[in-house]
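For reference, the structure discussed in these notes is given below.
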Amino acid sequence: MSKYRTHTCGELNLDNKGKNALISGWINKKRDHGNLLFIDLRDNYGLTQCVIDKSSAKFKELEKLPLETVIKIKGKVIVRSKETINTNILTGEVEVSIEDFEILGRTKELPMPVFSDQEYSEEIRLKYRFLDLRRKKIHQNIILRSKVISFIRSEMQKLGFLEFQTPILTSSSPEGARDFLVPSRLNPGKFYALPQAPQQFKQLIMVSGFDKYFQIAPCFRDEDARADRSPGEFYQLDIEMSFVEQEEVFQVVEELLVKVFKKFSDKKILSEKFPRISYSDAMLKYGSDKPDLRNPIIISDITEIFKRDDVKFEIFKKLVKSGSIVRGLVAKDTKDKTRSFFDGIDKWAKDQGSSGLAYFTLEKNQKISGKGPVGKFFSEDALKEIMKEMDAKIGDTIFLSCGQKENVENILALAREKIGNELKLIDKKIFSFCWVVNYPMFELDANSKKIKFSHNPFSMPQGNVNNLDLSNPLNLKAYQYDIVCNGVELSSGAIRNHIPELMYKLFDIAGYSKKDVDEKFSGMINALSYGAPPHGGIAPGIDRIIMLLADEKNIREITMFPMNQNAQDLMMNAPSNIEENQLKELNLSIKKKD
RNA sequence: GGGGGUGUAGCUCAGUUGGUUAGAGCACGUGCCUGUCACGCACGGGGCCGAGGGUUCGAGUCCCUUCACUCCCGCCA
């Protein structure tokens, strides 16, 4: 028998009636009636109410113990009278009558209460993470995370995938995010980099003939944090398969994600066969490559309307003449909304850094007219055309943005979300997945005006690989795909380019010479030259999946020991200063900041 | 690197137009209370109002600087 317990705190019920029990845990809550004391004892599994009255010699001592003291209680399981049953806890039909107890771990005064639904500052939560993690909601989130990862692992194994570890100390790569660097003692002046993803390794695993690989892989990127993005490290379900085309990757991932989301959430999956949307369609209709498809609002391009003579909206017309575009969206059935609602949207848009949103509401008395600040600029014919183009009806409001494509996409994507929320168009009880496909291989860097890889440089371009027209690289599409769920980018993947000659050509377009490629990607390019199978994969973000399942907006709520926004661990005091001799060994010196 | 928000008791927060001794709930301490489950009641300890400077007869409150936390933009193949 265990020295500490015969049962956990979530275990006792009517079956244990009259039995002796030994339970250990934290004092979650006391209710002291002076002559009668209730103690809720908590462990990982649940709560058990324990009771003692003043006739017991132990009463006085127990009464004095502060919350969160760890104790062992010895007592008898007794059945609660009907009116004192607590249906909120697993053990609510019984309680333990305390005969003896022992203090296992004392506590100082708590810097933050454990028993409370209150919210606390991140600072205190992160510094005392071990207390924070005792609290119910986050404790359950972390358990959920563990279960999801175990489930994924076993499903992947069932699907015939093999799990492999890849190095944590590897080489810095020029593409992508900023690397975390680790100085090498044995190779003075040289550095390892922590992997941003096991990208090259997983491809090397395919070249090595292992066929189907997965890993719950830590990834390290030294970029600034966001609510949904930890600084430093995050986890991906890294997957790679040989001898597959895009569709075969889709099949595996759809099946897996549907299983995971069905098992761990009550929310409905809108379509188990994820709809596919081309990147260009997504940018047009949703202004974003991570559209929230729960939101029914769709963006349309009506630039042409502003070239008509019966449209007098001179500001937009002038901009259109000089190359701007006009796109807009329809807020359905908003004729009864107040002026302040519309102005609020316009003001909000300006706060987002745009030039604002023009709007008018469609009315019909004798004839169709536009009501609102810019409504008068449109003839009835023009309005009819707009209604046709945008699928708008009388009583709807049209919001318009005019400007450079990128800015228009941006503000309308935000407006779509904002208006969708304000009009309560977004069903919070569903998951709406989609594939975004046909990403461009290259894009123009806005600052340098140079052509760069738009996603992953190792992706396979679409078209006949033996006779690819590279004269207009910006038109080239790649077998590159993302999964988006409820507006969250869940994963990114691609069919890889396994043909070295083609890879040199593509890198050349992005400004890398053959020599550059040979140096920077030596492991990969070398391997591809010795008989590489066609292969492809994907890497769903574990943290984001858990966030969706746990319905949390902040990644720290599903991360056991996260860093704060400045990439500091307040509990462990990382990063920290190091000893002079450590620096010396590494041949490093710190330049003082002035 | 840039913009917004917050900072008052151990914790969560009030604090009016600049005006006496800065409040509440929880936690902690003392006492009362035998069926509570957010138990109740009474009393008590606890404050460099993030830090520094300024305006003023007088600053938690106004101004400047700075620090911390957070959200967003940039960044994140």
Side-chain angles (χ1 to χ4, degrees), chain A residues 28-41 47-56 59 63-68 78 80-89 91-92 95 97 107-128 131-132 173-179 195-197 199-200 219-232 234 351-354 410 414 439 441-443 445-447 452-459 478 480 482 489 492-494 507 510 512 520-521 539 541 553-554 556 564-566 568 570:
Chain A
N28 191 58
K29 191 71 186 152
K30 286 187 299 184
R31 288 172 296 280
D32 187 354
H33 293 240
N35 295 315
L36 181 70
L37 171 67
F38 296 100
I39 286 179
D40 291 336
L41 202 68
L47 281 177
T48 301
Q49 173 166 284
C50 306
V51 62
I52 187 169
D53 74 28
K54 76 166 174 196
S55 62
S56 164
F59 183 85
E63 195 185 24
K64 291 281 174 265
L65 293 179
L67 301 184
E68 294 306 309
I78 54 178
R80 296 202 201 184
S81 67
K82 210 175 222 161
E83 62 282 6
T84 62
I85 287 172
N86 183 351
T87 52
N88 295 322
I89 58 175
T91 60
E95 61 193 3
S97 173
T107 175
K108 298 196 281 189
E109 187 173 347
L110 298 170
M112 58 171 286
V114 171
F115 173 75
S116 170
D117 291 329
Q118 248 170 8
E119 299 204 23
Y120 303 95
S121 74
E122 290 288 338
E123 203 174 353
I124 205 93
R125 291 183 60 191
L126 293 182
K127 183 165 180 193
Y128 297 97
L131 290 179
D132 192 35
S173 70
E175 282 284 322
R178 204 176 287 116
D179 283 317
Q196 295 182 23
Q199 179 65 37
Q200 294 191 55
C219 304
F220 306 89
R221 297 178 190 174
D222 188 4
E223 299 294 350
D224 289 356
R226 288 287 183 279
D228 63 349
R229 203 166 81 201
S230 278
F234 61 97
D351 288 344
Q352 300 299 309
S354 82
N410 228 320
L414 290 169
Y439 275 80
M441 187 81 213
F442 298 102
E443 65 187 15
D445 188 283
N447 299 322
K452 60 172 193 177
F453 288 109
S454 67
H455 252 69
N456 187 322
F458 305 122
S459 298
Q480 165 82 46
D482 276 14
E489 186 191 321
S492 229
F507 268 99
Y512 293 88
K520 306 285 187 194
F521 306 102
K553 294 267 176 298
N554 195 302
R556 288 185 295 269
N564 69 9
Q565 198 169 44
N566 296 321
Q568 299 159 339
L570 299 176

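So you know, we letter chains A, B, ... as the sequences are listed, proteins then strands, and number each from 1.
You'll find that the side chain of A/R178 is closest to B/C75, out of B/C39, B/C75, B/U36. Checking B/C75, B/A38, B/G35 against every side-chain atom of A/F115, the shortest atom distance belongs to B/A38. Nearest to the side chain of A/R31, among B/U36, B/C76, B/A38, sits B/U36.
Proximity of A/F220 to A/P195: side-chain heavy atoms (C-beta onward) are separated by under 4.5 Å at one or more points.
Rounded to a whole angstrom, the distance from the P atom of B/G45 to that of B/U6 is 33 Å. B/C69 sits 14 Å from B/U8 when the P atoms are compared, rounded to a whole Å. For the C1' atoms, the distance from B/G47 to B/C28 is 16 Å, rounded to whole Å. Across B/G60 and B/A9, the matching C1' atoms stand 14 Å from one another, rounded to whole Å. Using C1' as the reference atom, B/C32 and B/A14 are 31 Å apart when rounded to the nearest Å. Taking atom P on both B/A22 and B/G50, the two are 15 Å apart, rounded to the nearest angstrom. B/C49 and B/U21: their P atoms are spaced 15 Å apart (whole Å). Spacing between B/C43 and B/G5 at atom P, rounded to whole Å, works out to 41 Å.
Taking a pair to require two hydrogen-bonding distances under 3.5 Å in either a Watson-Crick or a G-U wobble arrangement, B/G1 pairs with B/C73. Across all strands shown, B/U17 forms no Watson-Crick or G-U wobble pair with both key distances under 3.5 Å. Using the Watson-Crick or G-U wobble rule with both distances under 3.5 Å, B/G25 pairs with B/C11. For B/G40, the paired base is B/C32 (Watson-Crick or G-U wobble, both distances below 3.5 Å). Look at B/C49: it lacks any Watson-Crick or wobble partner with both distances under 3.5 angstrom. When both pairing distances are held under 3.5 Å, B/G60 makes no Watson-Crick or G-U pair with any nucleotide shown.
Taking only distance into account, the side chain of A/R221 never meets the base of B/C76 through a donor-acceptor pair shorter than 3.5 Å. No hydrogens or angles were tested; on distance alone, nothing pairs the side chain of A/E119 with the base of B/U12 as donor and acceptor under 3.5 Å. Interface remark: the A/R125 side chain does not form any donor-acceptor pair with the B/C11 base, using a distance-only criterion of under 3.5 Å.
Considering only residues two or more places apart in sequence or on other chains, A/T107 meets the side-chain hydrogen bond (donor to acceptor under 3.5 Å, both in side chains) condition with none of them. Considering only residues two or more places apart in sequence or on other chains, A/D224 meets the salt bridge (charged side-chain N to carboxylate O under 4.0 Å, His left out) condition with none of them. For A/K452, the salt bridge (charged side-chain N to carboxylate O under 4.0 Å, His left out) partners two or more places apart in sequence, or in a different chain, are A/E443, A/D445. Residues that satisfy the salt bridge (charged side-chain N to carboxylate O under 4.0 Å, His left out) test with A/E123, not counting sequence neighbours, are absent from this structure. Applying the side-chain hydrogen bond (donor to acceptor under 3.5 Å, both in side chains) criterion to A/D132, with sequence neighbours excluded, gives A/R125, A/R129, A/R135. In this structure, the side-chain hydrogen bond (donor to acceptor under 3.5 Å, both in side chains) partners of A/S492, at least two apart in sequence or on a different chain, are A/D482. Residues satisfying the salt bridge (charged side-chain N to carboxylate O under 4.0 Å, His left out) criterion with A/R221, sequence neighbours excluded, are absent altogether.
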So which protein N/O to nucleotides 28-33 of chain B N/O distances come out below 3.5 Å?
from  : atom 1 : to    : atom 2 : distance (Å)
B/C33 : N1     : A/H33 : O      : 3.3
B/C33 : N3     : A/D32 : O      : 3.4
B/C33 : N3     : A/H33 : O      : 3.1
B/C33 : N3     : A/G34 : N      : 3.1
B/C33 : N4     : A/G34 : N      : 2.8

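Here the NZ atom belonging to A/K30 is positioned 6.5 Å from the CG atom belonging to A/L65, to the nearest 0.5 angstrom.
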field: B/S/- contact track for nucleotides 65-73 of chain B, protein heavy atom under 4.0 Å
entry: ---SSBBSB
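The separation between A/R229 atom CZ and B/C76 atom P is 9 Å, rounded to whole Å. Separating the CE atom of A/M112 from the P atom of B/A9 is a distance of 16 Å, rounded to the nearest angstrom. Atom CG of A/L36 is separated from atom C1' of B/U36 by 8 Å (rounded to the nearest Å). In this structure, A/L47 places its CG atom 18 Å from P of B/U36, rounding to the nearest Å. Atom CG of A/N410 and atom C1' of B/G74 are 12 Å apart (whole Å). Remark: P of B/U36 and CD1 of A/I39 are 17 Å apart, rounded to the nearest angstrom. Between the C1' atom of B/C76 and the CZ atom of A/F453 lies a distance of 18 Å, rounded to the nearest Å. Put simply, CG on A/N86 is 11 Å from P on B/C39, counting in whole angstrom units.
Looking at which nucleotide of RNA chain B each of A/P113 and A/Q196 is closest to, the 5′-most match is held by A/P113. Residue-to-nucleotide proximity on RNA chain B shows that, of A/E83 and A/N456, the 5′-proximal contact is made by A/E83.
The heavy-atom pair separating A/I124 from A/M112 by the smallest distance is O-SD, 4.1 Å. In terms of heavy-atom proximity, A/Q196 sits nearest to A/F234 at O-CZ, 4.3 Å.
Heavy atoms of A/F38 sit under 4.0 angstrom from at least one base atom. Counting any heavy atom pair closer than 4.0 Å across all strands shown, A/I124 reaches sugar-phosphate atoms only and no base atom.
Looking at A/D40, A/T48, A/I39, A/L67 one by one, the single match for side-chain contact (heavy atoms from CB on, under 4.5 Å) with A/N28 turns out to be A/D40.
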